[in-house]
Visitor: 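Submitted below is the structure of interest, expressed as structure tokens.
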Amino acid sequence: MTSSSPPAPLHYLHFASLDAQQYAHLFERIRIIKGRFKRYERYQPLQDRTLAMIFEKASTRTRMSFEAGMYQMGGSVVHMTSTDSQLGRSEPIADTARVISRMVDLVMIRTFGQDRLEEFARHSRVPVINGLTNEFHPCQILADIYTYHEHRGSLAGKTVAWIGDGNNMACTWLQAADLLGFRVHISTPKGYSVDAALPSLGLANPDCYRLFDDPYEACDGADLVTTDVWTSMGYEAENQARAAAFASWCVDEAMMARARPDALFMHCLPAHRGEEVSAAVIDGPQSVVWDEAENRMHVQKALMEFLLLGRVQD
């Protein structure tokens with residue numbers, strides 16, 4: 001008797017891992033799953049499923065949202081860091097992936113280089129989710145886009161202004177714009193642009209973005225203004241240099257005034273008031289950062305459901 005190999009799992013390694021139709025399905029599932037949560041309706045389609053969470057970078061929101069979300073969906077969670085797993089020691093990533101993926105149904109990894117995540121996924125028998133890498137942060141952008149959907153409808157044809165570092169968030173916004181039909185205005189200080197990353201993003205539509213030297217011009221007519229900390233995790237040694245370089249890239253009331261009157265403000269958090277954003281903006285009426293933070297949990301629940309069960313219709 002011969003046994004056939006299991007089908008290759010669908011991984012979520014960056015925003016372009018899924019297509020526009022799959023995202024349309026996810027947005028509808030997020031709406032349904034979040035509605036059930038708000039109505040205190042029990043919904044546990046992932047009973048007897050186990051999520052392994054591997055953290056080489058520390059996190060508050062990623063751990064809380066995945067762990068709480070998996071428990072709410074009826075599953076279990078195993079939490080590991082690089083200090084209590086072989087991933088941070090001498091064992092090859094491929095071997096770690098082969099072992100872990102025989103014991104769980106789903107793996108979320110928050111790490112440094114995208115190459116580490118992709119190496120794990122190549123040898124995993126189960127879906128692997130990018131919880132953040134230096135290059136991409138797809139779960140956060142999924143939450144951001146869904147948050148905009150809740151408040152204003154589809155982002156298609158709209159303009160997102162990204163102000164600050166040309167980091168993993170900026171690169172993921174570019175992939176999302178390319179796939180979902182909106183534009184991104186990116187303004188970064190010299191030396192912190194996304195230029196070097198552009199060839200590797202594989203964008204099909206070069207008109208989905210524009211680069212601006214002036215952050216105020218980038219905000220002109222924007223439907224959404226968003227930013228991140230000036231110094232991402234792993235770059236702390238550059239704090240002083242970055243503070244000087246980014247001084248003119250604080251999203252304040254004057255910058256928001258250049259956007260559309262009904263524009264929203266987002267920040268993936270944690271935020272430093274008085275640095276990348278003023279207190280008046282992040283705590284003001286256009287800010288939806290708390291909805292955005294909560295939605296990390298809801299979008300990831302829908303994502304885990306999709307990766308494990310496919311297109312659920314109920």
Visitor: Within the structure provided, determine whether Val78 and Thr50 are in side-chain contact (heavy-atom separation under 4.5 Å).
Guide: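 The answer is yes, as the side chains (C-beta and beyond) meet within the 4.5 Å cut-off.
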Visitor: One pair to check against side chain to side chain contact (heavy atoms under 4.5 Å, CB included): Glu275 and Val229. What are the steps and the verdict?
Guide: CA-CA 8 Å; Glu275 292 186 10; Val229 295; over 6 Å; no
Visitor: Yes or no on side chain to side chain contact (heavy atoms under 4.5 Å, CB included) for Phe66 and Leu106, after CA distance, side-chain angles and deciding distance?
Guide: CA-CA 11 Å; Phe66 270 106; Leu106 188 64; over 6 Å; no
Visitor: Got Tyr12 and Phe306 here, is their nearest side-chain heavy-atom distance under 4.5 Å?
Guide: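 No; the side chains remain at least 4.5 Å from each other.
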Visitor: Please say which of Ile141, Ile186, Val160 ends up in a side chain to side chain contact (heavy atoms under 4.5 Å, CB included) with Leu174.
Guide: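 Single side chain to side chain contact (heavy atoms under 4.5 Å, CB included) partner of Leu174 among Ile141, Ile186, Val160: Ile186.
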Visitor: Taking a hydrophobic cluster as the set of Ile, Leu, Val, Met, Phe, Trp and Tyr residues connected by side-chain heavy atoms closer than 4.5 Å, whether directly or through intermediates, do Val289 and Trp249 fall within one such cluster?
Guide: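 Shared cluster, yes.
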Visitor: So Val194 and Leu211, do their side chains get closer than 4.5 Å, heavy atoms only?
Guide: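 Result yes, sub-4.5 Å side-chain heavy-atom pair found.
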Visitor: Go through the side-chain N and O atoms of His14 and Gln114 and say whether any donor and acceptor fall under 3.5 Å apart.
Guide: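 There is no such pair (donor and acceptor under 3.5 Å, judged by atom type) between the side chains of His14 and Gln114.
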Visitor: Between Ser287 (side chain) and Asp283 (backbone), is there a donor-acceptor pair under 3.5 Å?
Guide: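 Not a single qualifying donor-acceptor pair exists.
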Visitor: Side chain of His11, backbone of Val128: donor and acceptor closer than 3.5 Å?
Guide: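 Yes; judged by distance alone, with no hydrogens or angles, the pair exists.
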Visitor: Can you confirm whether Phe120 sits close enough to Leu117 that some side-chain heavy atom of one is under 4.5 Å from a side-chain heavy atom of the other?
Guide: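 They are not in side-chain contact.
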Visitor: According to a 4.5 Å side-chain heavy-atom criterion applied to Ile, Leu, Val, Met, Phe, Trp and Tyr, with indirect links allowed, do Tyr23 and Met304 form part of one hydrophobic cluster?
Guide: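 Looking at the clustering, Met304 is in the same group as Tyr23.
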Visitor: Please check if atom CG in Asn205 has more than 12 non-hydrogen atoms from other residues, nucleotides or ligands closer than 6.0 Å.
Guide: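 More than 12 heavy atoms, drawn from other residues, nucleotides or ligands, come within 6.0 Å of this atom.
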Visitor: Can you measure from CD (Glu135) to OG (Ser200) and round to the nearest 0.5 angstrom?
Guide: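 Going from CD on Glu135 over to OG on Ser200, the span is 8.0 Å.
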Visitor: For Glu91 and Thr96, test the side chains for any donor-to-acceptor distance below 3.5 angstrom and give the result as yes or no.
Guide: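 A pair is found: one side chain offers a donor N or O, the other an acceptor, under 3.5 Å apart.
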Visitor: Any donor-acceptor pair under 3.5 Å linking the side-chain atoms of Gln313 with those of Arg311?
Guide: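 The criterion, which ignores hydrogens and geometry beyond distance, is not satisfied for Gln313 and Arg311.
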Visitor: How are the rings of Phe55 and His79 set to each other: parallel, tilted or perpendicular (split at 30° and 60°)?
Guide: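 Answer is tilted, since the angle falls between 30° and 60°.
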Visitor: Determine whether a donor-acceptor pair (N or O, by modelled atom type, separation under 3.5 Å) exists between the side chain of Arg242 and the backbone of Trp230.
Guide: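 Between the backbone of Trp230 and the side chain of Arg242 there is a qualifying donor-acceptor contact (under 3.5 Å).
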Visitor: State which residues pass ring pair (Phe, Tyr, Trp, His ring centres under 6.0 Å) with Phe212; sequence neighbours excluded, sorted by chain then number.
Guide: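 Phe212: ring pair (Phe, Tyr, Trp, His ring centres under 6.0 Å) contacts with His185.
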Visitor: Going from CZ on Arg125 to CG on Asp105, what distance comes out if it is rounded to the nearest 0.5 angstrom?
Guide: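 Separation between the atoms: 11.5 Å.
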Visitor: Would you say Tyr192 and Asn167 make side-chain contact, with heavy atoms under 4.5 Å?
Guide: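 A side-chain contact is absent here, since even the closest heavy-atom pair is not under 4.5 Å.
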Visitor: Do you reckon Ile54 sits in the same ILVMFWY cluster as Leu132, going by side-chain contacts under 4.5 Å, direct or chained?
Guide: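 As far as the 4.5 Å side-chain criterion goes, Leu132 and Ile54 are not connected within one cluster.
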Visitor: Does any non-hydrogen side-chain atom of Leu142 lie less than 4.5 Å from one of Phe27?
Guide: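 A side-chain contact under 4.5 Å exists here.
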Visitor: Does one hydrophobic cluster hold both Leu179 and Leu10, with members joined at side-chain heavy-atom distances below 4.5 Å?
Guide: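 Yes: a chain of side-chain contacts under 4.5 Å links Leu179 to Leu10.
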Visitor: First locate atom CG of Asp115, then atom CD1 of Ile93, and finally report the distance between them rounded to the nearest 0.5 Å.
Guide: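 Taking CG in Asp115 and CD1 in Ile93, the distance rounds to 7.0 Å.
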Visitor: Should the heavy atoms of other residues, nucleotides or ligands under 6.0 Å from CG of Asp195 be counted, would the total exceed 12?
Guide: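 Yes.
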Visitor: Which value, rounded to the nearest 0.5 Å, describes the distance between Tyr216 atom OH and Ile163 atom CD1?
Guide: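 Between atom OH of Tyr216 and atom CD1 of Ile163 there are 10.0 Å.
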Visitor: Mind checking the CE-OG1 spacing from Met266 to Thr147? Nearest 0.5 Å is all I need.
Guide: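 Interatomic distance, Met266 CE to Thr147 OG1, rounded to 0.5 Å: 5.0 Å.
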Visitor: Set out, in order, the CA-CA distance, both residues' side-chain angles and the distance that settles side chain to side chain donor-acceptor pair (under 3.5 Å) for Glu305 and Tyr43, then state yes or no.
Guide: CA-CA 11 Å; Glu305 178 193 69; Tyr43 180 60; 2.5 Å; yes
Visitor: Write down the atom of Pro261, the atom of Gln286, and the distance for their closest heavy-atom approach.
Guide: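 Result for this residue pair: O-NE2, 3.7 Å.
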Visitor: Could you check Gln300, His298, Lys301, Glu294 and say which one makes a side chain to side chain donor-acceptor pair (under 3.5 Å) with Ser65?
Guide: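 Option passing the side chain to side chain donor-acceptor pair (under 3.5 Å) with Ser65: Gln300.
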Visitor: Distance from Thr227 atom OG1 to Trp162 atom CH2, nearest 0.5 Å?
Guide: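 Separation between the atoms: 5.5 Å.
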Visitor: Donor-acceptor pair, Thr159 side chain versus Arg183 backbone, under 3.5 Å?
Guide: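 No, the answer is negative, given that no donor and acceptor are paired below the 3.5 Å cut-off.
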Visitor: Testing the basics here: between Gly164 and Thr188, what is the closest heavy-atom pair and its distance to 0.1 Å?
Guide: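 Distance-wise, the nearest heavy atoms are O-CG2, 2.8 Å.
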Visitor: Given the rule that I, L, V, M, F, W and Y join up when any side-chain heavy atoms are under 4.5 Å apart, are Ile129 and Leu26 in one cluster?
Guide: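 In one cluster with Ile129: Leu26, yes.
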Visitor: Not counting sequence neighbours, list each pair that qualifies as a salt bridge (Lys or Arg N to Asp or Glu O under 4.0 Å) and has a residue in residues 146-159.
Guide: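 Salt bridge (Lys or Arg N to Asp or Glu O under 4.0 Å) check on residues 146-159 returns Lys34-Glu150.
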Visitor: Side-chain contact test, heavy atoms from C-beta onward, threshold under 4.5 Å: evaluate it for Leu51 versus Leu46 and give yes or no.
Guide: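 The answer is no, as the side chains (C-beta and beyond) never meet within the 4.5 Å cut-off.
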Visitor: Quick one: are Glu28 and Arg31 in side-chain contact, heavy atoms under 4.5 Å?
Guide: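 Yes; the side chains approach each other to less than 4.5 Å.
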Visitor: Donor-acceptor pair, Glu276 side chain versus His272 backbone, under 3.5 Å?
Guide: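 Judged by distance alone, yes, a pair lies under 3.5 Å.
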Visitor: Transitive ILVMFWY cluster of Phe37 at side-chain heavy atoms under 4.5 Å: who else is in it?
Guide: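 Joined to Phe37, directly or through intermediates: Met297.
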Visitor: Any ion pair linking Arg122 and Glu119 (charged N to carboxylate O, less than 4.0 Å)?
Guide: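 Salt bridge between Glu119 and Arg122, a charged N being under 4.0 Å from a carboxylate O: yes.
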